[in-house]
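Before any comments, here is the structure.
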Amino acid sequence: MNSLKYLAKKGLRMLTLLIAVSILSFVLVSLSPIDPVQSYIGADMIRVSEEQRQQIAENWGLDQPPVTRFLKWGSNLIQGDFGTSSIYRAPVLQVIGERFIASAFLMGAAWVLSGVLGFILGILAGMNQGTLLDRGIKLYCLIMASTPTFWLGLLILMVFSVGLGWFPIGLGVPAGVLQGDVTLWDRIYHLILPALTLSVIGVANIALHTRQKLLDVLSSDYVIFARARGEEGFALVWRHGIRNIALPAISLQFASFSELFGGAVLAEQVFSYPGLGQATVQAGLRGDVPLLLGLVIISTAFVFAGNFIADIIYSIIDPRIKEGRRNHD
Amino acid sequence: MESKEIVAPRQEILLEVRNLSVSFVQYEKGLRQRIFHPIKDLTLDIRVGEVLAVVGSSGSGKSLLAHSILGILPPNATQAGEMIYKGVRLIPEEQKRLRGKEITLIPQSVNYLDPLMKVGKQVRYTAGKGKGKIIQESLFHRFHLPATAGEKYPFQLSGGMIRRVLISTAISGGAQLIIADEPTPGLHPDALKKVLKHLRDLADEGRSILFITHDLMAARSIADRIAVMNAGVTLEIAEAEKFTGKGEGLIHPYSRALWRALPENEFFPVADDFGDECESERK
């Protein structure tokens, strides 16, 4: 009963968030200099007369006040109609759907890799505080945390694709091959470099955070008491550390969906990887308003889902939160 | 401090602490070093089956005494003086062997339990594999803890129950010397009385209790002898019965002042500069 109530509360929160985000982005796009008619017609603009443009605008309802337009767009959204992308000439949801699968593999691989590696590096650094190993890990993390994704992407591309020739220069599948002939290995092969770029950078955040958290745990009263009872070394960290530092690490990792998405936009651009990020850049640059607004809404839902999952996992691992919710809700 | 290699065994003494000092190097603004000296000169002895209370105001280095005996001082601490347990000098290897088994700690508060581990599991650790569960259950029974308490997390138990869990943890491995570091604050009078009685019982079974506290009344109610500490120095070790009346039986003026300052007695404030006075008096 309580968990139903909890889900309902979260669902309501997500709904209000989505409404707020759609209002805000609609206002921003309305105020922007993008002319939807022009971006629809594109290069044929010279051959279209002023009258014809007026007619298209009228047909789309662009002459109506913004509130009316917003309500029309909104009611279509609720019915699942996100409009038609002007650059891909296909329904927005279909474009996003295709792109999302490609991006999901990229982001998923980077997310798992950076999470696991970062957690392990953080524990190693924390357990060996002040040693050469700790300093090395810290240095690596600080450099990575201040490195722009696109720059690292270019660097990796130059070394592994251009210089060594081990990996393809870009794209998600080999060029000039029929859709049906593309193998799973082809897809993985094209995924490696962008995923590497994203995870190498993603490691920094989680490793530094885990290291600090482990240092806090190691100087806590309950670790002093564990040592007073004769526990020591890795067994002590394993018994008292892992559960206590896993919580913040997990929530950080799920809450980083937004950064992951932002990083993917840049990495996909560098590697010409046909994912959500690249679609976002294209939609922005070429004034594809329906696609841009659709992407904003889908990515909002995506980031919200990340935070929501973090909450749920938190309450499964931490008995204090589970009990707390039972008592206070 | 000269250390004698051969220590004459005295049957009734379990632990002897001679001229213990603990210091830390701290860095102030920039790179200026400052040596911080919380324990300067601490000497005491604990006999078998005795409750020895160590009393002093907070900041007098009492908790550090516990950590020194167990050998779990932080790495930036320097320790001097010597400690003799059962006639053998307590060197780090010896401390490592004994801690958690023969020498154990009853810490102050719930913070000393792992917040994400069930308390039963935490008690069972020191008891060792196999018989851990039986020992834990019998201890919970002895201390009137419900059998279900073992399956609870620390945050689900009351303050009084936590103290009894902590006591169980300390004796589950068959300890001889139990260091109780401020085990009483924050308890209501009934729970306090119970915890004190448990400590006394443990001593009557033949264990020795080092009862570190700032509560002189609690110390007097169960201790055989009371060591008075101030500014990192043991000023006096007196039989608990001497803390009576106006403290005429006490030798050091600070002990008398501490006794007279209690609300139950004269409520006479302890002078702030007593620490300095003690220093000069020692010279």
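Everything numeric here is computed off the predicted structure, so don't read it as measured data. Convention: sequence-line order gives letters A, B, ...; per-chain numbering from 1.
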Side chain, backbone, both or neither of B/Ile69 within contact of chain A (heavy atoms, under 4.5 Å): neither
Side-chain donor or acceptor of A/Arg227 paired with backbone N/O of B/Leu70 under 3.5 Å: no
B/Lys86 NZ: over 12 foreign heavy atoms closer than 6.0 Å: yes
Pairwise side-chain contact, B/Met117 with A/His240, heavy-atom cut-off 4.5 Å (strictly under): yes
Atom NZ of B/Lys121 with >12 non-hydrogen neighbours under 6.0 angstrom: no
Reported OG1-to-CZ distance for the pair B/Thr169 and A/Phe225, which is rounded to 0.5 angstrom: 5.0 Å
Heavy-atom contact with chain A under 4.5 Å, split by part of B/Gln122: both
A/Ile224 CD1 to B/Leu73 CG distance, which is reported to the nearest 0.5 Å: 10.0 Å
For chain A, the option from B/Pro107, B/Pro74, B/Ala66, B/Gly71 that forms the most heavy-atom pairs under 4.5 Å: B/Pro107
A/Phe105 atom CZ, neighbour heavy-atom count above 12 within 6.0 Å: no
Within-4.5 Å side-chain heavy-atom neighbours: A/Tyr222 and B/Leu113: no
